[in-house]
Structure formats: C-alpha cells, structure tokens
There are 2 protein chains.
Amino acid sequence: MLPELKIAQLRHFVWVAELKGFHAAAEKAHRTQPAISLSIKDLENKLGESLFEKRNAKSANAELTPFGQHFLPQAKELIAHHDRIAQDMTLMAEHKTGHLRLASVPSIASRMLPDILSRFVAHAPDLHISCFDDNAAAVLDMVEHQQVDFGIASLLQTDEHANKTFIPLWHDHVGVVCRNDHPLANSDSLHWATLREHRLISNGTSRLLEGTEAAPLLEDSQFYISNMISLVAMLEAGLGVTTLPWFAFPRESSTLTFIPLTTPEVVRRIGIVRLSNKSLSPAAQALVQFILAQNEPG
Amino acid sequence: MLPELKIAQLRHFVWVAELKGFHAAAEKAHRTQPAISLSIKDLENKLGESLFEKRNAKSANAELTPFGQHFLPQAKELIAHHDRIAQDMTLMAEHKTGHLRLASVPSIASRMLPDILSRFVAHAPDLHISCFDDNAAAVLDMVEHQQVDFGIASLLQTDEHANKTFIPLWHDHVGVVCRNDHPLANSDSLHWATLREHRLISNGTSRLLEGTEAAPLLEDSQFYISNMISLVAMLEAGLGVTTLPWFAFPRESSTLTFIPLTTPEVVRRIGIVRLSNKSLSPAAQALVQFILAQNEPG
DNA sequence: GGCTCTTGATAAGTATTGCTTATCAGGAAA
DNA sequence: TTTCCTGATAAGCAATACTTATCAAGAGCC
C-alpha cells in the first residue's frame with residue numbers, strides 16, 4: 001500500500017536538490033549520472049508526482065517542483081533520523097556507548113577492578129558503568145536474576161549453577177593472617193594442624209575450608225566476624241588469627257602478616273560468571289574480553 | 001561508512017521480535033521464512049551484533065539480545081517516521097492535503113468559485129485553500145511572482161505574457177448596464193453609437209473596449225468609478241449607464257438591467273493563467289483539472 | 001547561422017541483491 | 001524413538017541497481 005522509500009534514494013534526491021544538478025549529485029554518491037536519473041525517476045513514480053521541473057526542456061539547473069520543495073525538508077529529516085540511529089547502533093555495537101552493570105566480590109572489586117575499569121573506559125568515554133560489590137552468593141544471585149550483565153565471583157556448589165558459565169581468571173590461595181609479632185608471623189608456610197594451637201577467628205571466607213581436611217578448624221573457632229573492618233581491628237588488637245584468601249588480605253595494613261597455608265592448599269577460583277543462554281550486551285562483551293586479555297599475559 | 005538500514009529490513013526485525021518467531025514474521029511480511037532469516041542476518045552483519053539469542057540451540061521462541069532490546073524501539077520509531085512521511089507525500093500527491101493558493105478576478109471569484117470550490121473540497125477535507133480576488137492585472141502579477149499557484153483572469157496584451165500559459169474557460173460578453181426605467185432598458189441589443197446619446201460611466205472593465213470600434217466611448221466618458229459597490233450605487237441612482245462584462249453584472253440587483261452590446265461584440269476571454277515553466281502543486285493541478293472538467297460538459 | 005559544451009534522458013548489458021524451493025539440524029512433546 | 005516444531009543453509013532464479021555508450025536539446029561562443 002504505502003511506498004517503500006529507500007534511504008539511498010532519498011539521499012540522491014536531497015543531493016540533486018541541494019547541489020542543483022544530477023551530475024554533481026552522482027559524484028557525491030559515487031555513482032554515475034544515469035544511476036541518479038533512474039533513482040529519482042523511481043522515487044517520483046513511487047510518490048506519484050514529479051520532484052523536479054521538466055528536465056528535457058531547458059538546460060537550467062535542476063529545479064524543484066512545489067511538491068519537491070515540500071518533500072525536501074521531510075526527506076532530510078528522515079535521513080538524519082536514520083543516520084542518528086545507525087550511528088547510535090554502531091557505537092553501541094563497538095561498545096563505545098551504552099550502560100554496563102556488573103557485580104563483584106569485594107576483594108576483586110577493590111583490588112583489581114579500579115585499575116581494569118579505569119583503563120577500559122579510557123577508550124569508551126560515553127559508556128556508563130555500574131558496579132555492585134557483595135559476597136559471592138549475592139553476586140551469583142544478581143547474575144541469576146539478570147540484575148547485572150555479568151558477575152565476578154567464585155562458583156560455590158557448582159551443581160546448582162548449571163545455567164551459568166564460569167570463566168576462571170584468578171587463583172586465590174587461602175592463607176593465615178596474624179599480627180607481625182605473633183609466634184606464627186615468621187613462618188614461610190603453615191600446616192592446618194598448627195593453627196589448632198591458636199585462637200582462630202572465622203569470617204565470611206572461612207567456608208572455603210569446608211570440605212577440606214582443615215574443616216575441623218571451623219568448629220574450633222570461637223569468634224565469627226563477618227565485617228572486614230571489624231575483623232582487621234580484632235587481628236590488629238592481637239585477639240587471634242584468621243584465614244583469608246590472598247586477594248582479601250588488607251595489604252595496606254603494616255601490622256598484619258599473611259602466611260600461605262600449604263596443607264591443605266585451599267584455592268578460591270575467582271572468575272566471570274554469566275548466564276549461559278543469554279548474550280552479553282556489546283559493552284559487557286567488550287569488558288569481558290578486556291579482562292581476559294589483561295589476565296592472559298599476566 | 002555508516003550502514004544503510006533498509007526500512008523493509010527493520011520491519012522484518014520488528015515483526016520477528018514482536019511476533020516472537022521467524023515463521024510468524026514471514027507470514028506477516030508475505031515472504032517465506034528463509035527470506036526473513038537472511039534479512040535479519042544481513043541486518044545483524046550491518047550492525048555488527050546479534051539481535052536475537054542463538055537460535056540453533058533451543059527451540060524456544062525467538063528472544064532478543066540486550067542489544068536487540070535496545071534497538072527495537074529505535075527501529076519502530078524510524079519505521080513510524082518513514083510511514084508518516086510516505087503517507088503524507090502520498091496524500092499530497094493525491095491532493096488530499098496541502099495548501100493551495102489562487103487569485104481570481106472578482107466576477108469569477110464571486111460568481112463561479114464558491115460553487116466550484118465547495119464541490120472540490122468535498123473530497124479533500126484536509127486541503128487548505130487561499131483565494132485572492134483582484135483585477136486582472138493584479139492577478140497576472142501574482143501569478144508572475146509566484147504568490148499564487150495559478151490565476152483566473154483574462155490575458156491582456158498577450159505579447160507580454162510569453163512565459164504564461166492561458167487556458168480559456170469562459171467567454172464573457174460585454175453589455176450595457178442601466179436602470180430598469182432607463183430609455184435603453186427595453187432594448188434587446190445595442191449598437192455602440194446609441195450610447196453616445198447617454199451619460200456613460202466608465203469602470204475598471206472599460207478598457208476591454210480599447211482597440212474596438214467602440215473605443216471613442218471611453219473618451220466621451222465623464223465619470224470613472226473603479227469600485228464596484230460605488231458603481232452600482234451610481235447606476236441605481238440613475239446617474240448614467242456603464243458597460244460591464246456579463247459575469248460582472250450584479251444579478252442580485254432588481255433595479256438594473258443588462259443589455260448585450262452587439263456592435264461591436266466585445267468578448268472577454270477568462271481562463272486559467274499559470275507560469276509555463278513551473279509545475280503546479282498536486283492540489284493545484286487537481287483543482288485545474290476539476291475546473292476544466294466542470295466546464296467541458298457545460 | 002553553425003559549433004561546442006553543457007545539461008539530463010535513454011538503451012542495453014551486467015552485477016548485485018532479494019527471494020524462492022528444497023533440505024537440514026536441533027530441541028520438545030508424544 | 002518418532003514426530004513436530006523451531007530456524008539455518010544451499011542452490012537457483014528473478015527483480016533491482018548500476019554500468020557504459022549514446023542521444024537530444026538548450027546556452028554560450030565565434
């Protein structure tokens with residue numbers, strides 16, 4: 001019913017009108033002059049009216065009919081609209097624009113992401129990023145409910161997350177943290193049994209020991225501190241020792257020491273978690289690629 | 001540089017997204033399913049991103065990627081914009097809409113146009129019409145300067161209007177107008193010489209006698225009244241007689257009589273005047289055709 | 001006047017695009 | 001498993017867009 005106006009065709013029309021000539025328009029369109037003639041003719045047929053004055057009669061420059069004059073601004077508007085969208089989509093596909101949401105466990109969020117993100121946004125100034133940090137379970141939950149494009153966490157109970165894809169990135173070894181003047185502080189490595197002799201403060205990451213031979217330690221533990229700030233304060237006060245993954249160890253503290261736990265060697269595998277059956281937005285996809293590229297050489 | 005998004009292609013995309021399936025979209029587009037597949041694939045290539053989730057994997061209904069979700073409303077907007085313009089142009093080409101300006105000599109404007117225009121606009125309710133009435137010279141001037149789409153007038157000094165096209169429509173005979181009780185009032189026809197015995201009031205239409213054998217009458221004339229209302233008042237007061245074309249004769253006056261002038265027979269040819277080298281707008285073109293059609297049978 | 005340069009239109013052939021039919025692969029439901 | 005959906009893919013055909021070559025007609029020039 002309605003004619004289908006092709007963008008290229010409209011562009012030809014506008015060029016002929018504005019450059020006042022078929023030859024000039026042809027050059028601009030990187031086409032030959034007959035192509036433009038035919039294109040305009042086809043457009044006129046579709047609309048059912050001439051756009052330019054009879055052109056076989058006089059050699060004066062191509063001139064619009066009243067109808068053509070009315071059509072010109074409309075055509076220009078539609079072309080502009082098209083170009084705006086095409087540009088927008090291209091930018092978005094090249095992840096130069098858009099909105100990206102991710103969730104991460106705090107250790108990575110504070111230790112790795114600031115550097116990664118600042119370098120990533122350097123070549124995408126119009127990209128908006130929202131980053132949520134929370135514990136691994138909450139991160140997985142946000143991924144599950146599509147509140148974020150992807151998450152950075154370790155995968156707990158892998159069987160429950162069949163619908164998620166996990167890309168391991170960092171191996172985070174669990175160690176023991178104590179005050180510099182603690183008897184254990186000068187050890188190079190530790191056996192879990194050694195810890196039984198010291199007061200152990202457990203924390204949110206302690207469940208990493210579950211299922212390892214060091215599990216009995218958890219039951220020995222008298223204190224449980226979920227908050228990291230409080231935990232550090234306890235340790236600095238010499239209340240006891242705790243286990244932490246290396247990434248979660250507060251390096252900025254000058255009074256605490258990290259000693260690797262070698263028996264058992266408990267490793268938290270942190271990586272990118274996303275839904276298997278959902279595509280990432282171009283921006284998210286780009287960030288994942290970026291993170292992977294960062295980690296490959298290192 | 002920028003990809004050229006074809007309207008048909010966007011339409012396919014929107015249909016697949018909204019009908020949640022390639023088959024359904026194909027049916028709506030009156031195409032086969034592979035055609036839609038290829039169309040979408042091409043669009044995805046142009047944009048550089050997938051619009052739908054991987055479709056070979058699961059048979060669930062076609063589902064948009066985040067990118068596709070962002071693109072959908074934009075595509076719909078662009079399609080709507082296109083359709084609006086296409087519709088607008090089609091209506092305008094069919095002269096259902098637009099703005100039409102014409103100028104006419106007062107006799108036709110008051111005698112013929114009210115009926116013609118009211119019937120013409122009956123099938124074009126959204127058409128705006130502006131009508132200017134003035135004397136023939138002014139009408140020709142407005143045509144000349146493209147202040148109107150076309151004019152209705154008689155062509156004076158044809159040599160000066162080589163750039164105009166004249167389509168004769170009405171033959172308007174000049175006659176003598178006097179009061180019912182005037183000595184001439186009962187004549188069936190008149191010879192110009194008879195008028196010399198009466199007081200003649202000349203008017204704007206009197207120059208029609210120029211170049212005829214009745215020309216000496218103009219010099220005899222003591223009064224010149226340009227305004228029609230005043231002229232009628234003078235005549236009704238019995239001040240004298242005048243010459244007028246039949247169309248300019250005020251039929252509604254019950255006290256005045258029109259007597260045809262037979263020697264010489266002066267005829268004013270009234271018709272449509274337009275610039276030869278300019279196209280008419282669709283609406284103007286339609287009105288001209290309409291007027292011509294009205295006059296052909298009559 | 002005739003010559004040349006411009007304008008855009010036109011014809012015929014080719015290249016590209018879009019569409020078709022026929023077929024295939026994979027998941028869901030029987 | 002078999003069947004019935006989904007959409008993807010291949011090969012061939014048809015419509016469209018573009019090319020080169022040529023033409024007609026007005027303007028400027030001698």
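Convention: sequence-line order gives letters A, B, ...; per-chain numbering from 1. Please read all numbers here as calculations on a predicted model, not as lab measurements.
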Checklist line | Separation of C/dG8 P from A/E44 CD (nearest whole Å) | finding: 13 Å

Next item on the list: Report, as yes or no, whether the 6.0 Å neighbourhood of atom NZ on A/K76 holds more than 12 heavy atoms from other residues, nucleotides or ligands.
Entry: no

Notebook entry, point to check: Among D/dG7, C/dT20, D/dA17, which nucleotide sits nearest the side chain of A/D42?
Noted result: D/dA17

Margin query: Just the rounded figure in Å: distance from P of C/dG18 to CG of B/N45.
Written below: 12 Å

Margin query: From C-beta outward on B/A35, which listed nucleotide comes closest to its side chain: D/dC18, C/dC19, D/dT9?
Written below: C/dC19

Check: For C/dT6, does OP1 or OP2 lie under 4.0 Å from any side-chain N or O of A/H23?
Finding: no

Next item on the list: Let me know the distance between CZ of A/R31 and P of D/dT20, rounded to the nearest Å.
Entry: 12 Å

Next item on the list: Would you kindly compare B/K46 and A/P34 by the position of their nearest DNA chain C nucleotide and give the one closer to the 5′ end?
Entry: A/P34

Next item on the list: Can you establish whether the number of heavy atoms outside B/R269 located under 6.0 Å from its atom CZ is more than 12?
Entry: no

Item checked: D/dT9 phosphate, OP1 or OP2, under 4.0 Å from B/K41 side-chain N/O -> yes

Notebook entry, point to check: So A/F120 and A/H123, would you call those rings parallel, tilted or perpendicular, with 30° and 60° as cut-offs?
Noted result: perpendicular

Item checked: Nearest-nucleotide comparison on DNA chain D, the residue closer to the 5′ end among B/V16 and A/K6 -> B/V16

Note to self: Can you identify which nucleotide, out of C/dC19, D/dT19, C/dA22, has its nearest atom closest to the B/L38 side chain?
What the structure shows: C/dC19

Checklist line | Nucleotide C/dG8, atom P - distance to CD of A/E53 in whole Å | finding: 14 Å

Note to self: Whole angstroms only, please: what is the NZ-C1' distance between A/K20 and C/dT6?
What the structure shows: 18 Å

Item checked: Shortest non-hydrogen separation from A/E4 to B/I7 and the atoms involved -> OE1-CB, 3.3 Å

Notebook entry, point to check: Is the shortest side-chain N/O distance from A/T32 to OP1 or OP2 of D/dT19 below 4.0 Å?
Noted result: yes

Next item on the list: With the side chain of B/Q33 defined as its heavy atoms from C-beta on, choose the nearest nucleotide among D/dA10, D/dT19, D/dG7.
Entry: D/dG7

Check: Atom CD of A/E27 and atom P of C/dT7: how far apart are they, to the nearest Å?
Finding: 11 Å

Checklist line | Whole angstrom value for the distance that separates P of D/dG7 from CZ of B/F52 | finding: 10 Å

Notebook entry, point to check: Nearest-Å distance, CD1 (B/I40) to P (C/dC19)?
Noted result: 12 Å

Next item on the list: Consider only side-chain N and O atoms of B/T90 and B/E94, and report whether a donor and an acceptor are under 3.5 Å apart.
Entry: no

Check: Taking the side chain of A/F22 as heavy atoms from C-beta outward, which of C/dT21, C/dG8, D/dA21 is closest to it?
Finding: C/dG8

